[in-house]
Asks: 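Okay, here's the structure, questions in a sec.
Remember, predicted model here, so these are calculated numbers, not experimental data. The first residue in the sequence is number 1, and the count goes up from there.
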Amino acid sequence: MKEGLSMESVEASIERDVPQRIPSHKRAVFLKRLNRSKYLLILFLPCFIYYVLFKYLPMFGLVISFKDYNLFKGVWASDWVGLKYYKMFFESPDFLKLFRNTFLLGVSTVLFGFPVPIILALCLNEVKNLFFKRFVQTVSYVPHFISNVIVIGMVVMFLSPTTGIVAHFVKLLGLQPVNLLVQPGWFRPIYVLADIWQHAGWGSIIYLAALTAIDPQLYEAAAIDGASRWKQLWNVTIPGIMPAMVIMLILNIGHIIDIGFEKVFLLMNPATYDTGDIFSTFVYRMGLTLGNYSYGTAVDLFTGIISLIFIYTANYIGRKVSETSLW
């Protein structure tokens, strides 16, 4: 060190010559924004913890799909088997049946269930009587907050061939009631109708929120040009909520293969296995009932990969066609 140079001057020279990773003004802006958004971050914290604990941490367990998992040896001490269980599943006679059932059930749910919340929101938007509008909204929202066990229990009661509402209506027509719950051909219609009844009202909230964002001056301009209510619907309302429709459609397509387990499991019975058995119920039987954890995990991972492909493809098409996408 040269004479006449103090330690303070050397440190100042180093700080001047070596750029800091984060400039002080950027740190100040970041801390200011963090302090301003602290309450929002606190509200977001439970959601973050939920996804970390129940979505991301369990992903480390996917490694057992490549191992001959032994419960007593543990995950890391179990023997590696590579793609053994994937090959076993693809060569299994259950593969095509499970894929067909899951795909058809998912497509039916999207095809018939996706337009219903949109139609309900458009109808509610036209209602002028606030009391009637709020009554319909409340009645349509309630099933969403009922557990799947109760929903399927109500469906079973409605479709009972002896005491169900449907049976009484059929008898009034002079026909003989049939137990639809044991008819394989009726499994998908019953599931789709139950899903629409449970979630249509809740799904309409998103579209009602999108409708409030449409500029009222657009309707006034359309009325001045002589557009009827029907033409205003097609030329103002639907284009105004189109971005929300595209986003929701992409999310629904991502769940075509990854269908929820609870309702299918509760609604299905041995008589409807041919049309009701899907990937999630098969994973339950293989993994938890039979104890073949590696096989069940392999099937579940395959389901997740197919769902990722579906949602990525739908997002790509949405971005190209309508310039609206998730990312």
Side-chain angles (χ1 to χ4, degrees), residues 33 36-37 39-40 43-44 47 105-146 151 169 188-256 260 310-327:
R33 290 180 177 177
R36 186 172 55 195
S37 306
Y39 296 112
L40 293 176
L43 291 174
F44 172 72
C47 179
L105 190 61
V107 169
S108 300
T109 304
V110 173
L111 186 63
F112 296 102
F114 176 72
V116 175
I118 301 174
I119 297 172
L120 179 60
L122 294 175
C123 292
L124 290 174
N125 189 55
E126 298 295 325
V127 175
K128 304 303 180 183
N129 190 317
L130 291 180
F131 176 79
F132 179 74
K133 181 177 181 179
R134 291 172 181 173
F135 174 77
V136 173
Q137 285 179 299
T138 303
V139 172
S140 62
Y141 295 168
V142 167
H144 177 80
F145 298 98
I146 301 176
V151 168
F169 180 75
R188 295 189 190 107
I190 293 172
Y191 176 88
V192 172
L193 290 174
D195 189 78
I196 292 173
W197 171 64
Q198 185 178 11
H199 299 299
W202 182 256
S204 66
I205 294 177
I206 297 175
Y207 302 107
L208 287 171
L211 287 169
T212 60
I214 301 176
D215 190 352
Q217 295 181 358
L218 296 176
Y219 291 104
E220 295 175 3
I224 292 173
D225 290 339
S228 61
R229 295 297 298 175
W230 183 255
K231 290 185 178 179
Q232 291 179 31
L233 174 69
W234 281 105
N235 296 287
V236 179
T237 306
I238 292 181
I241 64 174
M242 185 61 68
M245 292 169 58
V246 173
I247 295 297
M248 295 305 300
L249 180 60
I250 293 173
L251 294 175
N252 288 340
I253 290 176
H255 289 287
I256 285 180
F310 271 53
I311 195 170
Y312 185 86
T313 303
N315 186 78
Y316 177 81
I317 295 173
R319 187 170 64 248
K320 292 295 184 182
V321 174
S322 64
E323 297 182 356
T324 301
S325 60
L326 291 174
W327 67 85

Asks: Might you point out which heavy atoms bring Gly254 and Ile311 nearest each other, and give the distance in Å?
Replies: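 Minimum heavy-atom contact is CA-CB, 3.8 Å.
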Asks: Hey, could you give me the CD1/CD1 distance between Ile118 and Ile238, rounded to the nearest 0.5 Å?
Replies: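 Ile118 CD1 to Ile238 CD1: 8.5 Å, rounded to 0.5 Å.
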Asks: Within the 4.5 Å heavy-atom criterion, are Ile317 and Ile250 side-chain neighbours or not?
Replies: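 No, too far: nothing below the 4.5 Å cut-off.
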Asks: Can you tell me how far apart CD1 (Ile206) and CG (Leu251) are? Round to the nearest 0.5 Å.
Replies: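 Answer for the CD1-CG pair, Ile206 versus Leu251, is 8.0 Å.
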Asks: Nearest 0.5 Å please: distance from the CZ atom of Phe132 over to the CG atom of Leu124.
Replies: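 The CZ atom of Phe132 sits 8.5 Å away from the CG atom of Leu124.
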Asks: Enter the distance from Trp202:CH2 to Leu120:CG here, rounded to the nearest 0.5 Å.
Replies: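 Rounded to the nearest 0.5 Å, the CH2-CG separation comes to 13.5 Å.
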Asks: In this structure, are over 12 heavy atoms from other groups packed under 6.0 Å from Tyr141 atom OH?
Replies: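 Yes, enclosed.
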Asks: Search all heavy atoms of Lys133 against all heavy atoms of Asn125 and return the closest pair with its distance.
Replies: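 Minimum heavy-atom separation between Lys133 and Asn125: NZ-CA, 4.5 Å.
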Asks: From Arg188 CZ over to Thr109 OG1, what is the distance, rounded to the nearest 0.5 angstrom?
Replies: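 These two atoms lie 10.5 Å from each other.
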Asks: Please tell me if the side chains of Ile241 and Leu122 come closer than 4.5 Å, counting only heavy atoms from C-beta onward.
Replies: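 Yes, close enough: below the 4.5 Å cut-off.
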Asks: Nearest heavy-atom pair of Gly201 and Ser204: which atoms, and what distance?
Replies: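 Between these two residues, the closest heavy atoms are O-OG, 2.5 Å.
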Asks: Using the side chain to side chain contact (heavy atoms under 4.5 Å, CB included) criterion, which residues pair with Leu249? Sequence neighbours excluded.
Replies: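 Leu249: side chain to side chain contact (heavy atoms under 4.5 Å, CB included) contacts with Val110, Phe114, Ile253.
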Asks: Can you give me the closest heavy-atom contact between Ala200 and Pro117, atom names plus distance?
Replies: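 Between these two residues, the closest heavy atoms are O-CB, 3.6 Å.
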Asks: List for me each residue that meets ring-ring contact (aromatic ring centres under 6.0 Å, His included) alongside Tyr39, sequence neighbours excluded, and say none if there are none.
Replies: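 Residues passing ring-ring contact (aromatic ring centres under 6.0 Å, His included) with Tyr39: none at all.
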Asks: What's the shortest heavy-atom distance between Val236 and Ala222, and which atoms?
Replies: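 Scanning both residues, the minimum pair turns out to be CG2-CB, 4.2 Å.
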Asks: Look at the aromatic rings of Trp230 and Trp234 and report parallel, tilted or perpendicular, splitting at 30° and 60°.
Replies: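 Because their plane-to-plane angle is over 60°, the rings of Trp230 and Trp234 count as perpendicular.
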Asks: Can you list every side chain to side chain donor-acceptor pair (under 3.5 Å) pair that touches residues 208-226, not counting sequence neighbours?
Replies: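 Every pair satisfying side chain to side chain donor-acceptor pair (under 3.5 Å) with a residue in residues 208-226: Tyr219-Thr237.
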Asks: OG/Ser228 to CG/Asn235 distance, rounded to the nearest 0.5 angstrom?
Replies: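 Those atoms lie 9.0 Å apart.
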Asks: Taking atom types as modelled and ignoring hydrogens, do the side chains of Gln232 and Arg229 form a donor-acceptor contact shorter than 3.5 angstrom?
Replies: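 Distance-only check passes for Gln232 and Arg229.
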Asks: Compare all side-chain heavy atoms of Trp197 with those of Val151 and state whether any distance is below 4.5 angstrom.
Replies: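 Touching, per the 4.5 Å side-chain cut-off.
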